[in-house]
Amino acid sequence: MKRTLSLLLAAALLLSCAGALSGCSSQETVTLRVYCEGDLIRSSLMDEFSKETGILVEYTTGNSTLENGMNLTEDEEDLSGSASSASGVTPELTEEELAALEAEEAWEALSLYDRLQQRYSDYEEALAQAEADGGETESVTLEEPVYDVVFTSGDVIEQLIEADLVQALDYSKLSNADAINEEYQNCDYDPGGVYSVTTLWQMMGLLWNADYIDAQITSWNTLWAEEYAGQILMPSDLRDAMAVALTSLGYSVNTESGDELAEAWELLDQQSALVQDYTAAEGFSKMTEGTAWLTPAYSGDALNMMSDNAALSFAIPTEGTWRISYGYCVVEGTNYSEEALKFINYMCQVENLAKNAIYCKYSVTSDEALEKMDSSWRNNPLAYPDESVTEGTALLSFNESEVWTDYEAQWAELLEAKAADSADSAEEEPAEDDQEAAEGETGEESEDTSEETSSDTANEASAS
């Protein structure tokens, strides 16, 4: 799911610098490391930014959005494949290679917060070791951060702000940020936009497959309906799952009330027996392929899934909903603050805001950018619903409740138990050869019954 893409433009720029362009070879070639929580930044915009500024971009994506399955408007080449994987041959790994692979997997499993915090933990550990060894602590240095710019959701931004992992922005270098609507320049998680520039948003709703569910879904309570047992997907992210339960109970998604959170957790615990799976990216394929029927989904992700399966429908439940937003931040400690601000400012050009929103099918935070879009996008009620729908909807923020850590531990146990149940169920299923043998033993009578059943199923599907 995670991939790092060093834009191909880098090689061309480096070659040109080594050639006839005067002055280029005497300057440092800056590579800006940009992290995005999912593939939400159009690569052609990064290409154009590099051409215009000479600043290279190394683009890394996380797993908060449905990158692999998204029906994006711009094809992207995956440069992470190797010759061995393409040929289907898996070479034997040395102990060193295996250790490196395990370390990479452990790194990829870390949240953005943990990745940015890691250098401080390493620094403190090195200091402690130097003191224990009786050495000079002055020689211990704090490493530079792993990223220069991050693009992530508002609740994560709030967490990064509180931990001093991102720096205050110099708006004298961000003239294009004026195009952002005032509402998104003053989000609760970052009042005044001191640390972030918010460019995209989504609204949570319910997505279902009308081939299997012929009713109009209007309530979050449908996710607890026994009739859909085994066909329900829920987010693997606790923050989103709790927000679903809290909204169904009529509470704020940002509540820190211990009693309200306890009620929401009880609902999630009761629901677990009905849930087929708790997913992130996998939910995309399950819904588009029809192997699951019902799931909470953010509007932009829903649009992407509906592009792949015309049977999918989406609606905002009557109990209400919430929004999630995404913004750019400059990482504390970066050596390239100026270049990072140039990048953010470029992405905030009105035309670029519009192009990027169309690319990922998320909603843009700028009315000026919206005017640059085709009317089919401007008038899309899923991406840009009527104000009566959005009015009063809260932006999801970081939960600082004292009991939240306890729920994270219980959530991990719940997910582990579900995974174990799924593995046990898979082992109990008879092998394909055994199934064929069993079917063969029933003879022609079984075939007749099978034909009747298939006919009945087809008639039922046609009637629905």
Given N186, D367, T198, the one that forms side-chain hydrogen bond (donor to acceptor under 3.5 Å, both in side chains) with N181: D367

Name of the residue among Q410, Q270, E260 meeting side-chain hydrogen bond (donor to acceptor under 3.5 Å, both in side chains) with W265: Q410

Side-chain donor-acceptor pair under 3.5 Å between [X] and [Y], yes or no?
X: Y147; Y: R115; value: yes
X: Y35; Y: E37; value: yes
X: E319; Y: S219; value: yes
X: S252; Y: N254; value: no
X: D301; Y: Y362; value: yes
X: Y359; Y: S44; value: no
X: S397; Y: D188; value: no
X: D122; Y: Q118; value: yes
X: D164; Y: Y195; value: no
X: D374; Y: S376; value: yes

Could you check whether any side-chain N or O of [X] sits under 3.5 Å from a backbone N or O of [Y], counting only pairs where one atom can act as donor and the other as acceptor?
X: T318; Y: T218; answer: yes
X: N379; Y: S375; answer: yes
X: N176; Y: M347; answer: no
X: T321; Y: M204; answer: yes

For residues 150-162, please give each side-chain donor-acceptor pair under 3.5 Å, one per line with the distance, not counting sequence neighbours.
from	atom 1	to	atom 2	distance (Å)
S153	OG	D155	OD1	2.6
E158	OE1	F398	N	2.8

Distance under 6.0 Å and angle within 45° of ring axis: R239 vs W404: yes

Validation row, ring centre Y278 to ring centre W411 under 6.0 Å: yes

Passing option when C329 is tested against L165, V166, D190 for side chain to side chain contact (heavy atoms under 4.5 Å, CB included): V166

Could you grab the distance from atom [atom1] of [X] to atom [atom2] of [Y], nearest 0.5 Å is fine?
X: E144; Y: Y336; atom1: CD; atom2: OH; result: 6.5 Å
X: K342; Y: K173; atom1: NZ; atom2: NZ; result: 9.0 Å
X: S50; Y: F343; atom1: OG; atom2: CZ; result: 8.5 Å
X: L294; Y: L312; atom1: CG; atom2: CG; result: 11.0 Å
X: E339; Y: L32; atom1: CD; atom2: CG; result: 7.0 Å
X: K355; Y: E48; atom1: NZ; atom2: CD; result: 5.0 Å

Residues Y189, S196; criterion side chain to side chain donor-acceptor pair (under 3.5 Å); working and verdict: CA-CA 10 Å; Y189 56 81; S196 62; 5.0 Å; no

Counting C-beta onward and ignoring hydrogens, is there a side-chain heavy-atom pair between [X] and [Y] closer than 4.5 Å?
X: S363; Y: Q202; value: no
X: C348; Y: V197; value: yes
X: E402; Y: E256; value: no
X: D240; Y: L396; value: yes
X: D170; Y: V330; value: no
X: M203; Y: V389; value: yes
X: W220; Y: V244; value: yes
X: L268; Y: M242; value: yes

Chi angles and distances behind the side chain to side chain contact (heavy atoms under 4.5 Å, CB included) call for L142, R119: CA-CA 7 Å; L142 181 65; R119 73 186 187 113; 3.5 Å; yes

Derivation of the side chain to side chain contact (heavy atoms under 4.5 Å, CB included) call for Y184 and T199: CA-CA 8 Å; Y184 290 100; T199 63; over 6 Å; no

Pair K286-T295, side chain to side chain contact (heavy atoms under 4.5 Å, CB included): steps then yes or no: CA-CA 10 Å; K286 285 176 176 284; T295 186; over 6 Å; no

Parallel, tilted or perpendicular: rings of Y298 and W322 (30°, 60°): perpendicular

Neighbour count >12 (heavy atoms, 6.0 Å) for atom NZ, K372: no

Neighbour count above 12 (heavy atom, 6.0 Å) for E408 CD: yes

If you look at every heavy atom in [X] and [Y], which pair is closest and at what distance?
X: P296; Y: L233; result: CD-O, 3.2 Å
X: Q231; Y: T291; result: OE1-O, 3.5 Å
X: Q185; Y: D178; result: NE2-O, 3.8 Å
X: I41; Y: M46; result: O-CE, 3.8 Å
X: A177; Y: N345; result: N-OD1, 4.2 Å

V364 vs Y384, side chain to side chain contact (heavy atoms under 4.5 Å, CB included): CA-CA, chis, key distance, verdict: CA-CA 9 Å; V364 72; Y384 303 100; 3.4 Å; yes

